Amino acid sequence: MLTIGKVIFKVTDIIILFAACILTMQLYSIFWFDGSQQGKAETLLVQFADNPPAEYSLNEDRILQLEGKIGSILIEIKQGKARFIHSSCRNQFCVFHGWLSVAGDSTACLPNRISISLKGTISDYDAIAGSQ
Amino acid sequence: MPGKNLVALLKINSKALLFTFLVLFITACQSDKDQAELYQQQLFSFGTLIDISILNNKPEQAQQAIDDISSKFDSLHDQWHPWKNGTLGQTNKNFSNSDFFSSSASILKLIKDSTLLSEQSNGLFNPAIGQLIKLWQFDQLENEHYQFKLPDPEKIQALIKKNPQMRDIVMHKTQIKSSNPSVILDFGAFAKGAAIEQMINILEQYNISNALINAGGDLKVLGTKNGKAWRIGIKNPAHAQKPSEKPIIAAISLNNNEALFTSGNYERFFEFQGKHYHHIIDPRTGYPARGTLSVTVLSSDAALADAASTALFIAGPELWPEIARKMAVQYVMLISDDNKIYLSPAMAERIELFTDRQPVIIP
């Protein structure tokens with residue numbers, strides 16, 4: 001009986017250990033990933049008209065030159081942020097808009113039919129209100 | 001003693017079992033199995049950038065709904081444009097005669113709904129000032145040859161004197177006329193909200209109960225994002241001018257069927273001879289409204305939220321609580337041009353602010 005008891009007790013140990021591991025992993029993902037890493041933008045999506053968006057890493061500083069519907073566009077990626085720095089459009093709202101820095105944020109040059117949006121693996125927001 | 005061992009065994013096991021169930025429960029809550037897939041699509045329509053997110057496990061159905069929404073936005077944009085040859089354009093032309101004429105059901109509904117809201121807002125939300133909006137050329141923003149010019153002050157004054165109001169429109173069954181020939185309807189501060197309501201109806205027809213439609217930062221949600229409330233960040237209006245300011249001033253989680261609309265002076269504007277001219281025109285003065293940086297309104301009715309965000313922006317830091325009461329809007333945040341944050345009590349309970357500045361809560 002004692003032997004059987006010992007064997008069962010060892011199985012219980014294993015169950016507890018296993019359960020503790022899973023619990024730790026769950027708590028880690030809940031409290032770590034939803035904490036300090038939240039909302040960090042990692043990727044810039046650039047879409048022209050109805051085409052599928054092109055992806056650019058925000059880790060690499062660069063300037064993208066693109067052709068829109070009415071002319072050229074320059075987009076700057078710098079230190080994890082992105083913005084329009086030149087557009088052939090008249091009203092220049094896209095350039096006035098300034099930096100996008102938060103995952104979920106987006107803006108567009110409507111006359112050129114080009115939009116830029118930021119994405120992150122874990123995003124703080126599903127949308128940004130008042131973004132245009 | 002076998003009995004004693006069994007009791008001890010059960011004691012240990014009951015703790016282990018409880019613990020195991022707890023772990024399984026947490027794991028089950030986060031299981032990917034029950035999670036619906038997220039479909040996202042961006043559209044250039046309605047003079048803005050539209051983002052549609054749908055949670056659904058039927059990709060064809062989601063795509064069909066998005067296609068329907070896309071063509072509906074396009075068609076409403078033409079129908080509701082004040083100067084194009086659609087139904088609103090025709091209606092506006094007919095107002096110059098003083099006779100009754102027929103208009104479409106969709107335009108009659110816009111007129112009815114917005115007349116009530118215009119009265120409630122003491123005329124601060126006034127879709128009858130289409131000619132004034134045209135003077136500022138804010139209806140021309142999509143035109144690639146557009147260039148900002150300051151309107152002639154005399155022309156502004158002349159239009160203010162003519163005082164076009166929604167109540168000048170007389171309705172008789174499906175027939176309408178205007179008793180004031182200066183009435184030209186421009187639903188720029190209402191159409192987006194009214195259109196979003198129609199898009200939500202399309203989603204419901206497809207039995208889609210979890211979605212977000214975001215039209216250039218004005219949005220409405222259905223259901224949740226896989227059990228989590230849709231969480232919205234609100235842009236800090238001071239960030240555009242001062243990049244050292246945080247980009248997001250606040251966050252709010254939306255419940256099923258709630259819309260969030262923001263009017264901001266940073267959205268569409270021009271700098272001309274050192275002055276800032278934005279697109280929200282005060283119908284009392286004929287010039288861009290002063291005193292407010294942004295207003296955010298939450299309501300279950302997107303059209304009301306749209307009209308109210310404009311009316312409260314124009315009302316400014318002193319008058320907004322009265323107008324909000326009249327328009328029956330409960331959830332309001334207003335940021336004034338001296339960077340003070342004003343909240344309605346209901347909004348104060350739900351919003352999460354990311355600033356040290358103490359908000360002013362006005363009942």
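A, B, ... follow the sequence lines: proteins, then strands. Residue 1 opens every chain. These numbers were taken from a predicted model, which means no experiment stands behind them.
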Student: Just so I understand: if I count every heavy-atom pair under 4.5 Å between each of B:Leu43, B:Leu254, B:Thr262 and chain A, which residue has the most?
Tutor: B:Thr262
Student: From B:Ile50 CD1 over to A:Ser115 OG, what is the distance, rounded to the nearest 0.5 angstrom?
Tutor: 12.0 Å
Student: Considering all heavy atoms of both residues, which atom of B:His239 and which atom of A:Trp99 are nearest to each other, and what is their separation?
Tutor: NE2-O, 4.4 Å
Student: Could you tell me the separation between the CG atom of A:Asp126 and the CG atom of B:Asn214, rounded to the nearest 0.5 Å?
Tutor: 10.5 Å
Student: In Å, rounded to the nearest 0.5 Å, how long is the span from CZ of B:Phe44 to CG of A:Asn112?
Tutor: 9.5 Å
Student: Flag yes if more than 12 heavy atoms outside A:Asp50 fall under 6.0 Å of its CG atom; otherwise flag no.
Tutor: no
Student: For the pair A:Ser106 and B:Leu49, evaluate side-chain contact (heavy atoms from CB on, under 4.5 Å) and give the outcome as yes or no after the intermediate values.
Tutor: CA-CA 9 Å; A:Ser106 59; B:Leu49 179 67; 4.0 Å; yes
Student: Any side-chain heavy-atom pair from B:Gln42 and A:Pro53 closer than 4.5 angstrom?
Tutor: no
Student: Once rounded to the nearest 0.5 Å, what's the spacing between atom NZ of B:Lys235 and atom OH of A:Tyr125?
Tutor: 12.0 Å
Student: Kindly give the heavy-atom pair with the smallest separation between A:Val102 and B:Pro247, and that separation in Å.
Tutor: CG2-CG, 3.7 Å
Student: What option among A:Gly104, A:Pro52, A:Ala49 has the most heavy-atom pairs under 4.5 Å with chain B?
Tutor: A:Ala49
Student: Please rank B:Ile252, B:Ile232, B:Ile234 by heavy-atom pairs under 4.5 Å with chain A and give me the top one.
Tutor: B:Ile232
Student: Return the CG to CD1 distance between B:Leu219 and A:Ile128, rounded to the nearest 0.5 Å.
Tutor: 10.0 Å
